[in-house]
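First comes the structure, then the notes that go with it.
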Amino acid sequence: METQLSNGPTCNNTANGSTAINNCSSPVDLGNAEDSKTNLIVNYLPQNMTQEELKSLFGSIGEIESCKLVRDKITGQSLGYGFVNYVDPKDAEKAINTLNGLRLQTKTIKVSYARPSSASIRDANLYVSGLPKTMTQKELEQLFSQYGRIITSRILVDQVTGVSRGVGFIRFDKRIEAEEAIKGLNGQKPPGATEPITVKFANNPSQKTNQAILSQLYHSPNRRYPGPLAQQAQRFRLDNLLNMAYGVKRFPPMTIDGMTSLAGINIPGHAGTGWCIFVYNLAPDADESILWQMFGPFGAVTNVKVIRDFNTNKCKGFGFVTMTNYDEAAMAIASLNGYRLGDRVLQVSFKTNKTHKA
DNA sequence: TGGGATT
C-alpha cells in the first residue's frame, strides 16, 4: 500500500485536466412577479460541502425557511449545488449581494434566484465541440443566443496553456430552446470557421458521478483511492474557508453547527455525533489541519482533534476524526490505514473503547 | 470526448 498525499497540505491541483473560462454570469433578475423572491439556487459548491455547512453559511444572512444540498440519489455525493429558501425576500437579496462570487476552496460559488421548478427547464444543457480555438465565451453566447435565453456558458481550456480546447457548454433556460439550437447549429460552421461544430445534449451530471464512484470502488488497485486523495488533498472544511472569506467579504460571525459543540470527543462510541475514527502514529508536530486534509476528501467531517501533551503541547501520536456517514468513514479508513505520512505509517480504524495512554 | 443549474 503506497497511497500518498504527495505534496502534503499545499498540494496544488485542479479537478480534472481542464479548467473553464469564467462561467459566472451575474444573477438574473426575476422578470415575473409570480416567481419566488425568497428561494435561491447556489451553484459551484465545493464537492465536500455539507447541507449543514450550507445552512450555516447562508443562515448568517437571515432566517432560513428551508435549505437543501442536492445529492446523487444513488451515491449520496453532492452534485455541487443546492437551494436556500429564506423567510424574508430581503435576506435572499442580501445573500445574493453578499455571497455571490464568494470563493470557497477552489470554487467560486454562484448565488442567484431559483427559477420555478419545471420539467421545461430540465435537460437544457448542450455540449459543443469542434469550436474554433479562437472563439471566446462571448462569441459562443452570441452564436447560441438566437435560439433562446442562455443561463450559463463555458469554454474549456487547457489547464497548462490556457488555450481553448474547442469544447464548450451552453445551458438554455428551456429544453425546447436547446433542441432548436441543435437543429440550427449542429454540423454548421460558425462565421469565419473552417470546420463544422458538433452540438448535442450534454451528459447528465449524476451519471458521471456514478461512474467516478464505481471507478474508485472497483478499479483502483491495492485499495488505493487516488481520486479523492490526490485531487482533493487541499480541501478544507467550512471553518477554514470562512476564515478566508472574512478577510474579503465581512459578514457577521457565526457558529458552525456541529463543530464548536463537538469538542468532547472522548466519549467512546457516542451515538448521534457520527462515526469516530482513531488515527495513530501521528508526528509530534501534527496538527488538526492534516486531519482535515486527509479525511475531508472522503466526505462530511464534523470534527478533528489532535491529542497533545499538556506541558509540551506536542502531539502524543494520535488523534480523532468524526465523520457523519458510515460509508464515507469506512472508505476513509480503508484508504488511509497504512498510509505513509512522512516517515510514519498511520494506523486508522474506528475508535474502540480502549484507553490510549501516552 | 466533457463541466456540473431545478429540489
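Chain naming here is simple, since letters A, B, ... match the order of the sequence lines and numbering starts at 1 in each. Quick note: numbers below take in every heavy atom, side chains included, and nothing from hydrogens, waters or symmetry partners.
- For A/Asn281 (side chain) and A/Val345 (main-chain N/O), a donor-acceptor pair under 3.5 Å exists by modelled atom type.
- Here B/dG4 presents its C1' atom at 14 Å from CG of A/Leu126, a figure rounded to the nearest Å.
- Atom CG of A/Leu131 is separated from atom C1' of B/dG2 by 12 Å (rounded to the nearest Å).
- Set against B/dT6, B/dG2, B/dA5, the side chain of A/Ala202 has B/dG2 as its closest nucleotide.
- Computed from coordinates, the A/Ile155 CD1 to B/dG2 P distance equals 14 Å when rounded to whole Å.
- Judged by centroid separation below 5.5 Å and plane tilt below 30°, A/Tyr127 stacks onto the base of B/dG2.
- In this structure, A/Ser129 does not reach the B/dT1 phosphate: none of its side-chain N or O atoms is under 4.0 Å from OP1 or OP2.
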For this session: With ring-ring contact (aromatic ring centres under 6.0 Å, His included) as the test, would you mind laying out the steps for A/Phe278 and A/Phe320 before giving the verdict?
Result: CA-CA 5 Å; A/Phe278 176 61; A/Phe320 298 98; 5.6 Å; yes

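- Dashed line: the shortest gap from a side-chain N or O of A/Tyr44 to OP1 or OP2 of B/dA5 is under 4.0 Å.
- As rounded to whole Å, 12 Å separates atom P of B/dG4 from atom NZ of A/Lys110.
- Taking a 6.0 Å sphere around OH of A/Tyr326, one finds it holds 12 or fewer heavy atoms contributed by other residues, nucleotides or ligands.
- Rounded to an integer number of Å, the gap from CD of A/Glu177 to P of B/dT6 is 14 Å.
- Summarising the geometry of A/Asn100 relative to A/Val111, their closest heavy-atom pair is OD1-N, 2.9 Å, with the distance given to 0.1 Å.
- Residue-environment remark: CZ (A/Arg122) stays at or below the threshold of 12 foreign heavy atoms within 6.0 Å.
- Between the CG atom of A/Asp72 and the P atom of B/dG4 there is a distance of 16 Å, rounded to whole Å.
- Both A/Ile182 and A/Leu143 are part of a single hydrophobic cluster, where members link through side-chain heavy atoms under 4.5 Å apart.
- Closest to the side chain of A/Arg122, out of B/dA5, B/dG2, B/dT6, is B/dT6.
- The separation between A/Ile151 atom CD1 and B/dG4 atom P is 16 Å, rounded to whole Å.
- At a threshold of 4.0 angstrom between heavy atoms, the contacts of A/Ala124 with the nucleic acid are absent.
- In this structure, A/Arg71 does not reach the B/dT7 phosphate: none of its side-chain N or O atoms is under 4.0 Å from OP1 or OP2.
- Annotation: side chain to side chain donor-acceptor pair (under 3.5 Å) contacts involving residues 174-187 of chain A, sequence neighbours excluded, comprise A/Arg175-A/Glu179, A/Glu180-A/Lys183.
- Shown for residues 168-175 of chain A: residues whose heavy atoms fall under 4.0 angstrom of DNA chain B, namely A/Phe169, A/Arg171.
- Checking the phosphate oxygens (OP1, OP2) of B/dG4, a side-chain nitrogen or oxygen of A/Lys107 falls inside 4.0 Å.
- Protein atom CG of A/Asn100 is 13 Å distant from nucleotide atom P of B/dA5, rounded to whole Å.
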